[in-house]
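We name chains A, B, ... by the order of the sequence lines, and we start the count at 1 in each one. This one's a predicted model, so the numbers in the text were calculated from it and none came from an experiment.
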Amino acid sequence: MVLKIDGLIIEYRTLRGPLKAVDGVSLAIGRGEWVSVVGESGSGKTTLALSIPRLLPANATIVGGTIEIEGVDVTRLGEDELRRRVRGRLVGVVFQEPGATLDPLRRVGDQIAEALMVHGLASTKEEALRLAGDALEKVGVPRERVSSYPFQLSGGQRQRVAIAAAIALEPKLLVADEPTTALDVVVQSRIMDLLDKLRDDMDLSILLVTHDIALAAERSDRIAVMYAGKLAEEGPAGEIVIGPLHPYTRGLLDATPDLWGERRKPKPIPGSPPDLRNPPSGCRFHPRCPLATSECKEREPPEVRESSGRRAYCFHPLTR
Amino acid sequence: MGSLARYIALRAALIVPSVLILYTIVFVVLRVIPGDPVLAVLGTKSVPPEELERIRERLGLDKPLYQQYIEYLMGVLRLDFGESMVYTGRPVWNDIADRFPATLELAVFGFLASVVLGLASGVAAVKGRGPIRALANFYAVTGYTLFIPWIGLILIYVFAVNPILPFRLPVGGRISPEVGLREVTGLYIVDSIITGNIPALIDVLAHLVLPSVTLGIVLGSAYARLVRSHLREVLASEIVAGYRARGIPEILLLRHALRNTMVPIVTYMGLQFAILLGGAVLTETTFSWPGLGTLLLERIELRDYTAIQGVVIFFAFMIGLVSLVVDVIYALLDPRIRY
Amino acid sequence: MAKQAILARPGGLMVTAGLSIILFYVALAVLAPILAPYGPTEVSVPKELAGRPQPPSPEHPFGTNELGYDVLSRIVWGSRVVVQVVALSAVLSMAVGVPLGLVSGYYGGPVDRVLSLVMDSVYAFPGILLAIAVASVLGPSVGNAAISLMVVYVPTYFRMVRARVLELKARPLMESLWTAGLPDHWIILKHILPNVAPTILVVFGLASADAILTEAGLSFFGLVVVYPEADWGLDLYYGKNWLLSGAWWLTLFPGLAITSFAAGFALLGEGLARMMGEERWS
Amino acid sequence: MHQLLTIEDLKVYYPVYGSIASRILGKPTAYVKAVDGVSLAIGRGEWVSVVGESGSGKTTLAKAIVGLLKPTAGTILFDGIDVARLSRRDWRRRGLRRRIQLVQQDPLESLDPMMPVGEQIREALEANGVARGGEARRKALEALEDVGLTPPEEMYKRRPRQLSGGQRQRVAIARALALEPDLIVADEPVSMIDVSLRASILDLLDKARRRGTSVLMITHDIATAWIYSDRIAVMYLGKIVEEGSSNSVARDPRHPYTAALVTSVPSLASRKPPKWPVEGEVPSGLRIPGGCRFHPRCPLATSECKEREPAETVENGGRRYRCIHPLPPGGVWKPPRRG
């Protein structure tokens, strides 16, 4: 396993009280595997993703659980070790607006080369720039672009350069936090193709955070569905979208229009996501769940496991 | 014409209306509102009417206002700021030219002090620890409310009256009377260097310390506040998140962040230089610095309106010039700018 | 309960501290006849001590000056001048700057461009110099000082309000108000003004802090009141002549009053800015 | 059929000031042709969706229709009135503001944060002369209830920040519907809303449409457009490249760009067409390619496409497209080989 998250709990201190954004999530990703974390706003999916390279804001604390990358528990590392061993090196990150992570005042080659030199992967500036050029080529940007400033690139090139910067140190895991939300489907499709190619070329593991379950299903090996800080269900992508176990997953699928499926009006899930400062008791989905019983209000739902490795957290799992 | 040259020319042209507006305001305030300045100056003194008429004629005050407005403007363009109303026959420009180097020297050193102090405390307010951070923050918020003469006098007390250092720092003037210096440019630092006069250089620098620090302390807080808020913003931006995700060490990260912080701050420097000139007026009075500020105060007491007008308009031109320079620096600093 | 809530918010401590300082000086000004131990020009030391400043003592906690005037009393009386000038100038500058900024920013066009150019030019000029120029013509008086300060601070209010209006205009809110069919005057009064109000408060704090310093500068140059009337800046000016002979109390206390009063407004402005999450007011 | 809205050959060009000098001189260096000759009609009670990527000009089109932008050329006939030429005052005077309503993307940005949401509905009713005083308040409460914001008295008093994202968008729609408009222009009405709530928002618009209100939806999401609309118009770089009934356009496109769009949409279906290869990205509106503007990215492009701007082909049933090499029926299932 490249990544093994176990019982992770992350709490934010906020003005109006503490908030558990991630509450007891376990998840693992193997080498060369693509796992997508699907959820709506406030599900904790981004917090989960950014906790892996420990890039959470200052008011967030990992209260419990472990995050092992290649056998290293990053929850126990100090800032300096995280910087030297983890960030960029073991885990590359692509943010929501990838292009915005480029420093507008510096040439893109210098920015990538700097990381290579800081991590000792290149000893001279020339070598670092050559490697930076290699990284650009991997993402389909001409290597001459090393000497361009970000404003001289097109929007699509900027996204690719940001991805190049994330993989330049040849990390084992790429965490992509909704990298294509701001993009149109045609561009999104091409960026996803690029991630797929990088996975093959570099034997890279990918953790994609998205709110689009159809996108996750098309691209990933496995899907983890999150709701209100907890894992609702996790398993092979195909199985989850064909026969979800958790009523929330079912609801999400029914709420999503599908151009090549049946032409029917999407069904909204009634109610709205809970306030995590004051989450519902028992199963957090129960106020919106059509199958909820009194049991769901009172107790945390049990884990339902299937032989294929699928698991769901529900008292009343759906059958196919 | 190169695009930068064209840009500079355009910016310079844009400063013209701005300076004209200030000229007009000052003209209205000092020439129109007082009614008859000559009477205002001579006040209660009994002067024969024909003598009054003679003075008016000499100063051009007998002409219609619009003509005075235009003639004075034309004069200013030839560096002719008219004649003092008090010291007969003495051109105002002579006084300005005489006093300006002192003000420039003070402004430049005060500016340097404020930038150094402002940058350091701005960074400390964001990245510092414990009491240093708290102090830097407090300075950033309230530093500019230090009244310049007050902080100047406190420094005088601490470093000259009851010195905490083993020596006393000079508290008045630009140079000790016993130190000889041949004036070339009027900028004493420059003069002492080009004449190779080391003792004079040391003396001149010693005289500059307290006035520059006074200006620096008060005006540095504006930079501190700007650096603090922009640096915080940059540190919270995607750019820094990207650097951090690549495992770039904090110290490098801070350097890149500071560079991004400086871009908006440079634009502010032009405005800040204007405030600095205003502060210099108060500083000069406190330290008996023979610059334009003390000139202004002397002539206010004498009600020498032409001199007041000359000094104020001169300041307006200086500020226009500085804002031009700042704009050009800004354009050169940011690769995204196309002239 | 409400107070606790204010303190808990970002900038709450600053606002509370700033308001306390401001209220302290306003109370001082209002209650000067009751609070001041002596009159502003009352010779309060025995004849044999007059002619030299006397250091702080139990009877004169801030000492006395060479004429035997009590420094503390003069600070208390002097607060009346400062408070009056600053309050009057703030009201005048706001009354002119805010409506002009609202209308100019909302309608735009050539009038806006010319007005902005004028305001920008004045704004770029050092306030103290401009105030000196105006006050030197008008002559020393509280009303004239307030007018001089108004000339300086109208552009501050105008620019900040206009900038905020332009910011609002660029937001989808304005498109939504236009397409909702609301008339312009209604949009300005019911939507823009309430949204700009927090900015005006912030600017009020910061501009007033600056105005206190400018007033002190004018006073320092003898352009607000005539000695022996009490005003902090003027007292500082006369006190500085005695500093070299060691009479520090003649400068320390008036200067402290100026700076702390100004700091009160600065804290209020900055605190409000933080509270409203618009720290980058400049 | 009598059309409610008929747009003919509409053009909206934005000036671009590519350098500081050009901005100072007020001379644009170029124009972005955001909308470049668009014709479109909407019947009463019809739902038409304009689908396109960012940079296609779809939002500009929406703004022109609701009178927020002055078109450069062309006409927008709304119920026989050419609204493209009307001044802002005329829009109000002729009662058009009430009849054409806008629903924006981000309700947090489009509602006034300082005013209770009920008041915002009420003021719109009063400004458009729909109702006054207590009557307006009653109608505002009704409008809130109609969009499912209950209890309405409680919701009336809330400020936007006290509502969830979905509730805020309901308020925006309630305000639009309360005026009983003839046309609702909805610009990406659900792109900021959580997936699980989107359908509930769209259903509100659908309900209004069934009562006879026409809907023009601007969206990048062709799947949603396909489900809700009667007709779909696909925009690319300022032009409508294909328009027709929503099923035909979305499932059996003629234009290669539409084919690329529909095959890029993620889908859970077991049987779906393979992805169409598209080169590069949408060019900037400053440099619109000659000939067919899609040709540099088109897998079917020939030399002819570079030279000639394709004319509009109109099929039986009103379907139209601009392409020299249109796809045959079912052609979307057989993409050309890459390279």
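The local environment of CG in Leu252(B) is crowded, with over 12 non-hydrogen atoms from other residues, nucleotides or ligands closer than 6.0 Å. For Lys4(A), the NZ atom sits in a loose shell: 12 or fewer heavy atoms of surrounding residues, nucleotides or ligands are nearer than 6.0 Å. Heavy atoms from other residues, nucleotides or ligands lying under 6.0 Å from CZ of Phe138(B) number 12 at most. Applying the 6.0 Å contact sphere to CD of Glu97(A) captures no more than 12 heavy atoms from other residues, nucleotides or ligands.
Among residues at least two apart or in separate chains, there is no salt bridge (charged side-chain N to carboxylate O under 4.0 Å, His left out) pair with a member in residues 144-165 of chain A.
Shown here are the side-chain contact (heavy atoms from CB on, under 4.5 Å) partners of Asp134(A), two or more places apart in sequence or in another chain: Arg130(A), Leu131(A), Arg143(A).
A distance of 10.5 Å separates NE2 in His256(B) from CG in Leu105(A), rounded to the nearest 0.5 Å.
Inspection of non-hydrogen atoms places Glu238(B), Ile239(B), Ala241(B), Gly242(B), Tyr243(B), Arg244(B), Ala245(B), Arg246(B), Gly247(B), Ile248(B), Pro249(B) of residues 238-249 of chain B under 4.5 Å from chain A. Of residues 114-121 of chain A, those residues lying under 4.5 Å from chain B by any heavy-atom pair are Glu114(A), Ala115(A), Val118(A), His119(A).
Only the backbone of Val91(A) comes within contact range of chain B, judged by heavy atoms closer than 4.5 Å.
For the set Leu55(A), Asp80(A), Asp103(A), the count of heavy-atom pairs under 4.5 angstrom toward chain B peaks at Asp103(A). For the set Gln111(A), Arg89(A), Glu79(A), Arg85(A), the count of heavy-atom pairs under 4.5 angstrom toward chain B peaks at Gln111(A).
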